[in-house]
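We name chains A, B, ... by the order of the sequence lines, and we start the count at 1 in each one. Quick note: numbers below take in every heavy atom, side chains included, and nothing from hydrogens, waters or symmetry partners.
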Number of protein chains: 2
Amino acid sequence: MKPRERQKNPTGSEKVTIYDIAEAAGVSIATVSKVINNRGRVSEQTRERVLRIIRELNYAPNRITSALGGKSMYTLGLLIPDISNPFYSEIVRGAEDCGRKWGYNVLICNTDNDTRREMDYLLSLREKRVDGIILATASNTDTRREDLESLGIPVAFISREIPGFESIRVIVDNFRGGYLATRHLIDLGHRNIALFTEPLNIVTSSERLRGYAEALQEAGIPYRPEWVRPGGFGVESGYRLAEALLRDSHDPMPTAVFAANDQLAIGAIQAFKEAGHSIPEDISVVGFDNTILCTIVDPPLTTVAQPMYDMGVKVVNLLIEAIQNEGSGSERIVLEPKLVVRRSTAKPKSPLPR
Amino acid sequence: MKPRERQKNPTGSEKVTIYDIAEAAGVSIATVSKVINNRGRVSEQTRERVLRIIRELNYAPNRITSALGGKSMYTLGLLIPDISNPFYSEIVRGAEDCGRKWGYNVLICNTDNDTRREMDYLLSLREKRVDGIILATASNTDTRREDLESLGIPVAFISREIPGFESIRVIVDNFRGGYLATRHLIDLGHRNIALFTEPLNIVTSSERLRGYAEALQEAGIPYRPEWVRPGGFGVESGYRLAEALLRDSHDPMPTAVFAANDQLAIGAIQAFKEAGHSIPEDISVVGFDNTILCTIVDPPLTTVAQPMYDMGVKVVNLLIEAIQNEGSGSERIVLEPKLVVRRSTAKPKSPLPR
DNA sequence: ATGAAAGCGCTAACAG
DNA sequence: CTGTTAGCGCTTTCAT
């Protein structure tokens, strides 16, 4: 009649286990397990007694162990370039809110667009047996595809996808977005439009560039490679890009800039203003994303909006659905970007003063 | 000579376990475990063979199971009001960066300052046996103290503490911060200074209020309760607070506002501008935190800076140290806030036009 | 240098 | 309704 030789818990200092509860309640661990998980038949009387003991002993079932028995840990991994970027923090908020509704927690990982670090995280998350992974990837090669497949975990892409890779993807039509931004400028009368962009190996960048080129072509405006300027990701990068643009002598100078994310746009605006140009009188600027920054910057930034929060919600919904169906999912949700016109764009007044 | 009756892995489709490796390498699972964890003595030859097999079979040790054997999951829980608030996303970035250096992952939880949800998360994290918890709490009652103690997990406070609760705390001297902001305004010549603040039950708010009051008193300026206006947390709340201030007839009207966080300050600036007042000519505004928003808003916001990123790094360092020493830690790190003067504050020109 | 075996805390048949 | 028991995948003595 001694089911197991275990260390006792006289002080309550050590972790209390299901055995402690069983013993204190005078039942078997099976019964305790049943009341905890609300399954099987247990008399109301025992159930209550067990629950009382659980409370008295301040017992918390160990999910980590139950996960051993085939259950999952209800945890998702979320890999993004940088949580301190408002674009991603908004996505994460949506994802976490949605995860919570389903009982999942989310592990955040900042990759800084470093594919090496991305891989490290992926491996580590696999060892921790997360149920699924949401990835805003910096990779686009076929190598990474194999890596992902060998992971054996459902992976969903958010915002950035690996072209041709079949799995859940929730993205925006970046080609269209690039087109909309450029077209807006063209419609205003601009013909000399520069493009500031994140590194072009990132899919979203090349797509937005395509949209930009398409709009130009459609309007019969020549595409000038020297006006396409890839930089980094942040405000400082936009600032430097703008400085460089002003420094280089161009004839004519651009009267408008399409910056392929809001931070680049804001950095550019700061540089332009410091150089004595006013926005939008001297130069129009369009951003991309529609982060909170757009409404705060002066002038408020015209931008191409992505539904960030909803995107976070959508991937998580799709991913969890796939997880619970034991599948890996393959929906490709392409959201429509929307042009939001604010005060950073206007008709070109005159050539940029030199 | 059959160590265990296990399902085989002919297709490689099922998860490969340490047994599969052991069998394929012709050694015992103990040996495999040794090479994985780099402990005990294993001949170079076997080690290499095992490693090769591991690679061939694409094996990933199951951390979740090893955690059963007394190890930890190397995971931290991080509870904050809202990740989409730049103040917190910066802290989280610091925390995650630091966690990664130590090999820890972090689970983010958005509480929205809801103490109920905070508790739910706490309980859930305990069941998942996180190694430690970092908390920017919305609670300040003694009840919560018991809850936290009964958790049996090291808890570290970031930014907001529960007064008198012994544990790791990394905070800023909010009293001093409130004083600095108000003092700055007074030094500029303002005597009619309103205070916009988060709800006063939050410790940081009441401390900043104390600082505000102290500065007033020191300058012999009467404290006017009707000028202390608690609101919510976001930009819209600041906007509404400012609207209300303008609406209420005050004689004299405040010539300056100390908004106890940047978002409130920015909302206030927007409202003031829309009402036709210019900043800082008509009204000076000081914020708190020094988020990225300060440099973007127009005019750039004078604020009281907190070292957000470093605070994230510091808590995690302290917490992990405590975890690894099996202790719970009790350091109270109080950082000095620093006034950052930008262009949203100036000498009062004249009474606010009515 | 290597392996057998005893857990870790819990779930899930399967018997009573 | 309740209890027995066999794992889950890995770590860790303790022999060999």
Item to complete: Look at B:T31 and C:dT2 and indicate whether a side-chain polar atom (N or O) is within less than 4.0 Å of OP1 or OP2.
Response: no
Please produce a list of atom pairs where a protein N or O lies less than 3.5 Å from an N or O of nucleotides 13-16 of chain C.
none

For B:E44, the side-chain contact (heavy atoms from CB on, under 4.5 Å) test, sequence neighbours excluded, returns B:R47, B:E48
**Residues B:K101, B:D97: salt bridge by 4.0 Å N-O rule** = no
Atom pairs and distances, donor-acceptor, side-chain atoms in residues 311-321 of chain A, under 3.5 Å, two or more places apart:
unit_1: A:N317; atom_1: OD1; unit_2: A:W102; atom_2: NE1; d: 2.9

When rounded to whole Å, the CE to P distance for the pair B:M73 and C:dG9 reads 16 Å
Exactly one of A:T204, A:N140, A:T137, A:N113 clears side chain to side chain donor-acceptor pair (under 3.5 Å) with A:R160, and that residue is A:N113
Contacts satisfying ring-ring contact (aromatic ring centres under 6.0 Å, His included) that involve residues 36-64 of chain A (not counting sequence neighbours) are none
Cut-off 3.5 Å, no hydrogens considered: what does the side-chain donor-acceptor table look like for residues 103-110 of chain B, sequence neighbours left out?
unit_1: B:N105; atom_1: OD1; unit_2: A:S124; atom_2: OG; d: 3.4
unit_1: B:N105; atom_1: OD1; unit_2: A:K128; atom_2: NZ; d: 2.8

note: A:D20, atom CG; C:dC10, atom C1'; distance rounded to Å ~ 13 Å
In short, ring-ring contact (aromatic ring centres under 6.0 Å, His included) pairs touching residues 111-145 of chain A with sequence neighbours left out are none
Between CG of A:L68 and C1' of D:dG9 the distance, given in whole Å, is 6 Å
Ring pair (Phe, Tyr, Trp, His ring centres under 6.0 Å) filter on B:F165, not counting sequence neighbours, yields B:F157
The side-chain contact (heavy atoms from CB on, under 4.5 Å) partners of B:E56 (sequence neighbours excluded) come to B:R52
Picking from D:dT11, D:dC10, D:dG3, the nucleotide nearest the side-chain atoms of B:T65 would be D:dC10
When rounded to whole Å, the CD1 to C1' distance for the pair B:I29 and D:dT12 reads 10 Å
The bend of the helix from C:dA1-D:dT16 to C:dG16-D:dC1, taken between the axes of its five terminal pairs at each end and rounded to 10°, is 40°
note: A:K15, atom NZ; C:dG9, atom C1'; distance rounded to Å ~ 13 Å
Worksheet entry | Any B:K71 side-chain N or O less than 4.0 Å from OP1/OP2 of D:dT12 | yes
When rounded to whole Å, the CD1 to C1' distance for the pair A:I21 and D:dG3 reads 17 Å
- Task: Mind checking B:S33 for me? I need base, sugar-phosphate or nothing, with any heavy atom below 4.0 Å counting as a touch.
- Result: base
Per the under-4.0 Å heavy-atom filter, residues of residues 35-57 of chain A near DNA chain C come out as A:N37, A:R39
Sorted by chain and residue number, the salt bridge (charged side-chain N to carboxylate O under 4.0 Å, His left out) partners of B:E161 (sequence neighbours excluded) come out as B:R169, B:R332
_For C:dG3 and B:Y19 - does any side-chain N or O of the residue sit under 4.0 Å from the phosphate oxygens OP1/OP2?_
no
- Are A:S28 and D:dG3 close enough that a side-chain N or O sits under 4.0 Å from OP1 or OP2? yes
On a heavy-atom basis, the closest approach of B:G327 and B:P154 is O-CG, 4.1 Å
Regarding A:V27, tell me which of base, sugar-phosphate or nothing describes its non-hydrogen contacts under 4.0 Å with the strands shown.
sugar-phosphate
Table please: side-chain donor-acceptor pairs of residues 31-38 of chain A below 3.5 Å, with sequence neighbours left out.
unit_1: A:T31; atom_1: OG1; unit_2: A:S28; atom_2: OG; d: 3.4
unit_1: A:S33; atom_1: OG; unit_2: A:N37; atom_2: ND2; d: 3.4
unit_1: A:N37; atom_1: ND2; unit_2: A:S33; atom_2: O; d: 2.9

Here the distance between atom C1' of C:dC10 and atom CD1 of A:I64, to the nearest Å, is 12 Å
A:I18 CD1 to C:dG9 C1', in whole Å, measures 7 Å
